[in-house]
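Numbering of residues begins at 1 and proceeds along the displayed sequence. Read the numbers this way: they start at 1 and go in the same order the structure lists the ligands and their atoms.
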Amino acid sequence: MNDALIQAENLYCAYRNGAEQIAVLRGLSLELRRGEAVAVIGPSGSGKSTLLNLLNGLLLPDSGMLRVFGRAHSDLTDSDWAELRRTRIATLFQDGNLIPTLTVSRNIVFRAGLAGLETHEGEVLLARLGIAEVAHRYPDQLSGGQRQRAALACAFAMQPELILADEPTGSLDYTTAQRVAPLFFDAIRERALGALIVTHNPELAQRCDRILELREGALHLWDSALSS
Ligand SMILES: Nc1ncnc2c1ncn2[C@@H]1O[C@H](COP(=O)(O)OP(=O)(O)O)[C@@H](O)[C@H]1O
Ligand SMILES: [Mg+2]
């Protein structure tokens, strides 16, 4: 069995604004296997969010080879991608992804239901993330950090195989981030998920199997010795 969740080779991706073209990814390659967690770091504007959106099918590469779960992107239709996002790939966007008209609990039930699951471990997840008391609140009644943790609970409730996270602890204050980072990581390890985590949080990055830096449109193994 091929246990590669993501295989990307020589990906190019540019945004076009009229005549202007912004080349963001320029020959990016990446492999992520089942049970492996990889941190992606890189300065603002280097293309980290763009990369995540290519990997969940919200953007298409201009050229290069991308396979997810062993399937080539050129063979995946929009509805195939939608199905993957519903059932196998959880994306944690930077600005959270809760439905504003549902309470936190109902968001979790809804998310699990979309993935075809009848049971979910929402209450346990919320308790572990330290936000059991907000289960019956609506997203706009939460602080930024509570909203981010509720979005984490929703992502795990769908029991994904691959998690793509864009700064999952970015809105947390330092103390809460220190507490949530290991919980987030334990949940990934317990479930043997593949995870690609864009983060500047050293607690999270150091727990990953590899740290890659996105620089000049491609990923490079990060060498802390070079950066200090
Ligand atoms: N929809 C878009 N249209 C045009 N340019 C964009 C768009 N989204 C992002 N960009 C540009 O692409 C580059 C990479 O953006 P992004 O992937 O969001 O970087 P990061 O997440 O690393 O901060 C930036 O220069 C940004 O301004
Ligand atoms: Mg970003």
**Asked** Does atom 4 (C) of ligand 1 have a protein non-hydrogen atom under 4.0 Å from it?
**Response**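 Answer yes: something from the protein, a heavy atom, is under 4.0 Å.
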**Message:** Would the distance check show the side chain of Gln148 and the main-chain N or O of Ser171 forming a donor-acceptor pair, the cut-off being under 3.5 Å?
**Reply:**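 Judged by distance alone, yes, a pair lies under 3.5 Å.
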**Asked** So, does Arg191 use its side chain to make a donor-acceptor pair with the main chain of Ala187 at under 3.5 Å?
**Response**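 Yes.
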**Interatomic distance, Asn201 atom CG to Thr169 atom OG1 [nearest 0.5 angstrom]** =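 Result: 4.0 Å between the selected atoms.
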**Prompt:** So, is Ser49 placed with an N/O/S atom under 2.8 Å from the Mg ion (ligand 2), counting both backbone and side chain?
**Reply:**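 Looking at Ser49, which is the residue asked about, there is an N, O or S atom under 2.8 Å from the Mg ion (ligand 2).
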**Message:** Using a strict threshold of under 4.0 Å (side-chain N to carboxylate O), is an ion pair present between Arg26 and Asp62?
**Reply:**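 Salt bridge flag = no for Arg26 with Asp62.
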**Prompt:** Between Arg71 and Glu83, does at least one N-O distance fall below 4.0 Å, as a salt bridge requires?
**Reply:**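 Judged by the 4.0 Å cut-off on N to carboxylate O distance, Arg71 and Glu83 do not form a salt bridge.
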At less than 4.0 angstrom from any non-hydrogen atom of [X], what atoms of ligand 1 do you find?
X: Val24; answer: 12 (O), 13 (C), 14 (C)
X: Pro43; answer: 22 (O)
X: Ile22; answer: 5 (N)

**Request:** Could you check which of Leu25, Asn17, Leu214, Thr50 puts a non-hydrogen atom nearest to atom 15 (O) of ligand 1?
**Result:**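 Nearest option to atom 15 (O) of ligand 1, by heavy atoms: Thr50.
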**Message:** Please compare Gly45, Gly217, Ala14 and report which has the shortest non-hydrogen distance to atom 14 (C) of ligand 1.
**Reply:**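 Among Gly45, Gly217, Ala14, the closest heavy atom to atom 14 (C) of ligand 1 comes from Gly45.
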**Asked** Which heavy atom of the protein is the closest neighbour of atom 18 (O) of ligand 1, given with residue, atom name and distance?
**Response**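 Result for atom 18 (O) of ligand 1: Ser49 CB, 3.8 Å.
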**Prompt:** Nearest to atom 9 (C) of ligand 1, what protein heavy atom do you find, and at what distance?
**Reply:**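 Atom 9 (C) of ligand 1 sits closest to the protein heavy atom Tyr15 CE1, 3.4 Å.
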**Message:** Can you tell me if Phe185 has over 12 outside heavy atoms packed within less than 6.0 Å of its CZ?
**Reply:**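 Buried by this count: over 12 neighbours within 6.0 Å.
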**Asked** Below 3.5 angstrom, do we get any N/O pair linking Gly47 and ligand 1?
**Response**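 N/O-N/O distance under 3.5 Å: yes.
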**Asked** Between Thr77 and Asp80, is any side-chain donor less than 3.5 angstrom from a side-chain acceptor?
**Response**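 Short answer, yes.
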